[in-house]
Amino acid sequence: MLQVASPDPMVPQVMRIVTRRKDAPDVFTLRLEPEGDDLPAFAPGQFNMLTAFGVGESAISVSGDPAKGDGIVHTIRTVGAVSRALAGLRKGDTLGLRGPFGVGWPMEALEGKDVVLLAGGIGLAPLRPVIYRLLAERDRFGEVAILYGTRSPGDILYLRELESWRRRLDIDLLVTVDHAADDWHGHVGVVTTLLPRVAFDPENTVALLCGPEIMMRFGVQALGNAGVPDEAIYVSMERNMKCAIGLCGHCQFSPVFICKDGPVFRYDRIRYHLALKEL
Amino acid sequence: MDTGREQAVLTVDGVDALFAALRDQGYRVVGPTLRDQAIVYDDISGAADLPRGWTDEQDGGHYRLTRRDDDALFGYVVGPHSWKQFLHPPRQRLWSARREDGGTEVTAEVTPPGRFAFIGVRACELNAIAIQDRVFLGGPFADPHYQARREDAFFVAVNCGQAGGTCFCASMKTGPKVEAGFDLALTEILDDGGSRFLVEIGSDAGRDVLVSLPKTAATEQDRSVASEIVARTTRSMGREMPDGDIRELLLANLEHSRWDDVAERCLTCGNCTMVCPTCFCTTVEDASDLAGVETSRERRWDSCFTMDFSYIHGGSVRTSARSRYRQWMTHKLATWIDQFGSSGCVGCGRCITWCPVGIDITEEVRAIRGGG
Amino acid sequence: MAVEGLERIVREHPFFAGLDESFLELVVGCARNVRFEAGKYLFREGGPADQLYLVREGRVALEIAAPGAGAITFQTVAEGDIVGVSWLFPPYRWQYDAHALERVRAIAMDATCLRNKCDADPGLGYDVMKRLVPILYQRLQATRLQVLDVYGKPAA
């Protein structure tokens, strides 16, 4: 009855920072390569637990290209002690990694469908692996719309990549910010206001949302108003996590564990609980 | 008591010989003993270490030891400890790391096999261990530390000869009769001659140990007396969990006003989670030497009653006592079923006894159900 | 431009979608075509709010100037949207700047004309209000989200 747990899922493997790039005032991207062990394969939407040795561990989504085997890429926002410690690391430094964990985006459900990605703030990072896949296998999907909202023009992640994607004629990519100075000529307003500006057939669409919970709740509403049913909407959830493997109890969201049953959930399966406070 | 299992009868000396035999086989013998005015679980060297002639008086927020008028070895129910402190200890180092020559070396903490022989394990506790087995070993990732401690454990169970004031295992269908998961099960029979024990064999390991012990054959009368003891215990439960689909009841009442009511009383101290034999939540803590060369991570018990438990960047998800009590109780009695296939409650009553304000989980369910 | 052409473009603008033919006739009488080159202002804060703009093409930034921060854009609107609601109620003054980010073509409805027709025909007035209020509500809701600063740095 007892199964062997090997290797120990709570022990991190050592990774070395190959590149470090600053994306925004409080956001940076690390590319990591393993010391010795093989590179862990991952699916879009999965996350790793990153350890700043001596400080602690934090759950961070993978933001790189799953098809590119050149390391594991994480885009990190400095919000707490661990991310601040990770922010202090430089090229050549080591950190710990456990993962990948969790259930990611439903890539197979996107095939043949129009795809709407609704990203808010740092929520663009967990969706970037999806974008790579959509672009690499463009003919397997219908219309593709990428709608990205963030705080201000200076907070826009992956600016150069977004510009190159926007030049493509086979996708819609719109960026909006909450407020801007007058040197910004793009959209200003909440991300949901972009929905009417892109083409998709609501009855044949799958929408993926990632961002602050409030933004996702309103995003789901706007998609619903546009005719996209809850069953075709997926959201990526976030809760406190200590183990990422369903053993520490922290990330419970009523019946589910965000770490192992999610972080990506089909909206209709959690909408009841999302509406309750302090659950 | 006819269970279809092999049975025999041991004297008090026979029980003593059982502990010695287990120790000879390399087991670490752990059982109930008296300390700090409570019956706790610790290493014991013989039957003399058991709380002979003592019993416990339990009620909401109340625990007191009193003398029995006999010399029963197991004449009490469960105390503040549970076996989880041995199988899932309060602190567990997970790994240590050393930074040198620009690299980092991580060394996993390896837990040696526990080789525990647990003495006096009650039916509710065997059920609690089975529940933690499903948590720690039943999913895609197993906890190697729990696994090492759990693997060769030997269980000497006891059928409770009396129910405590906060016991409700009968209504949870987790006792008082031990049904599975033991190597040997004892029923203490008290009469003018003192204590003797009807022993039931639950495993090959149990039979192997019993073979060497001085014992007599179980008579029909022994069986029927033992049977009556368990039946009497069943009838004298101090508490009762209401009937019906409790999962359904609680999940349909996540905004019930009773949560506000219980929040008025709950101190969010987390005692219930510490004494609960199935509560398994943990947090981790990293440590570092001053130079940041030697670092390590330790896991320790955590409680869903703390604010930190649900902290995500910027704040806690569950800030109110209402939401934290609701999380604990709905997890224990409802969502546990979704997660692990059974209720997380075994009716041991510890959360009622050790709650400083005597909050009674069965009473809270009754209040939400309404009526009776 | 011929009235016939104007009637068609008013009818085609989402703001007046499905408008009763008799009402359409009334509002077209208040409409004219306008065009703003990139960088020009449709109106400025404090100016008389005498128009309702129905944007047909191009993007307009709604801005509020703040000392030291220059002009802060709080919303951009585009094709199919409307610009300006201050014409609806006294004191009929614009509350912000409307700045053409690119060449903007729009239908300008004369506010006095429209108000008078709405006053004269409450049926039309109610219909126009039913078109305006949801837009105002959506903008209020969007403003709430912006005020919440959901992408902002959480308090440590």
Side-chain angles (χ1 to χ4, degrees), chain A residues 1-16 35-36 51-59 77-83 92-96 101 212-213 238-257 260-261 272-273 276-279, chain B residues 94-95 97 99 102-110 133 135-137 139-144 147 150-151 251 254-255 279-289 292 295 297 299 302 304 308-314 316-320 322-324 326-327 330-331 334-335 337-339:
Chain A
M1 119 194 170
L2 304 181
Q3 46 176 297
V4 179
S6 176
D8 185 336
M10 288 302 284
V11 177
Q13 78 179 85
V14 176
M15 306 290 285
R16 197 172 286 278
E35 293 273 280
T51 290
F53 286 108
V55 180
E57 195 174 43
S58 200
R77 187 176 184 205
T78 51
V79 285
V82 176
S83 52
D93 287 346
T94 54
L95 53 77
F101 297 121
E213 212 167 292
E238 198 174 7
R239 283 293 182 270
N240 184 310
M241 284 183 200
K242 297 295 182 194
C243 76
I245 53 178
L247 301 184
C248 80
H250 278 259
C251 70
Q252 288 177 76
F253 185 55
S254 207
V256 299
F257 288 92
K260 62 174 186 180
D261 302 315
Y272 172 71
H273 296 111
L276 294 167
K277 288 188 187 73
E278 294 192 82
L279 202 63
Chain B
L94 296 174
W95 50 262
R99 181 163 56 84
T104 304
E105 186 82 35
V106 179
T107 309
E109 186 78 8
V110 177
D133 283 352
V135 172
F136 289 121
L137 307 173
F141 294 96
D143 172 22
Q147 186 170 345
R150 171 72 179 83
E151 214 150 39
L251 296 185
L254 291 172
E255 300 286 18
C279 270
F280 59 87
C281 290
T282 54
T283 187
V284 289
E285 227 167 49
D286 285 36
S288 168
D289 65 5
T295 58
R297 179 167 300 153
R299 177 174 77 186
D302 200 1
C304 53
D308 272 357
F309 190 87
S310 63
Y311 188 88
I312 41 176
H313 42 79
S316 293
V317 174
R318 296 182 205 108
T319 51
S320 67
R322 171 189 189 273
S323 67
R324 283 177 269 155
R326 180 179 69 180
Q327 166 61 24
T330 55
H331 182 220
T335 54
I337 297 168
D338 300 81
Q339 296 167 356

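Below, chain A is the first sequence line, B the second, and so on; all start at residue 1. Note that this is a predicted model, so its numbers are computed, not measured.
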Counting only heavy atoms closer than 4.5 Å, note whether [X] contacts chain A via side chain, backbone, both or neither.
X      : result
B:E285 : neither
B:T319 : both
B:T107 : neither
B:T283 : both

Inset, instruction - State plainly whether the residues B:R326 and A:E278 are in salt-bridge range, i.e. N to O under 4.0 Å. - result: no
Legend entry - Contact leader toward chain A among B:T282, B:T295, B:D302, where contacts are heavy-atom pairs under 4.5 Å: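 Winner by heavy-atom pair count: B:T282.
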Inset, instruction - Find the one option among B:C279, B:C304, B:G102, B:A287 whose heavy-atom pairs under 4.5 Å with chain A are most numerous. - result: B:G102
Inset, instruction - Would you please classify the geometry between the B:H331 ring and the A:F257 ring as parallel, tilted or perpendicular, with 30° and 60° separating the classes? - result: perpendicular
Inset, instruction - Specify the closest pair of heavy atoms between B:P144 and A:P9, including all atoms of both residues, with the distance to one decimal. - result: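 Shortest heavy-atom separation between B:P144 and A:P9 comes out as CD-CD, 4.3 Å.
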Legend entry - Shortest non-hydrogen contact between A:S254 and B:L251, atoms and distance: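 Scanning both residues, the minimum pair turns out to be OG-CD2, 4.3 Å.
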Inset, instruction - Go through the atoms of A:L279 and report whether side chain, backbone, both or neither lie under 4.5 Å from a heavy atom of chain B. - result: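 Looking at A:L279, backbone and side chain both touch chain B.
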Legend entry - Proximity breakdown for A:F101 and chain B, heavy-atom pairs closer than 4.5 Å: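 The side chain, not the backbone.
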Inset, instruction - Evaluate the side-chain proximity of B:F280 to A:L247: yes if any heavy-atom separation is below 4.5 Å, no if none is. - result: no
Inset, instruction - Using a cut-off of under 4.5 Å on heavy-atom pairs, state which of A:Q252, A:M241, A:E238 scores highest against chain B. - result: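 The answer is A:Q252.
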Legend entry - Leading residue by heavy atom contact count with chain B [cutoff under 4.5 Å; candidates A:G246, A:S83, A:P12]: A:P12
Inset, instruction - Kindly indicate, with the supporting measurements, whether the criterion side chain to side chain contact (heavy atoms under 4.5 Å, CB included) is fulfilled by B:R297 and A:E57. - result: CA-CA 10 Å; B:R297 179 167 300 153; A:E57 195 174 43; 3.1 Å; yes
Inset, instruction - Return yes if some donor-acceptor pair links the side-chain N/O of B:H313 with the main-chain N/O of A:T78 below 3.5 Å, else return no. - result: no
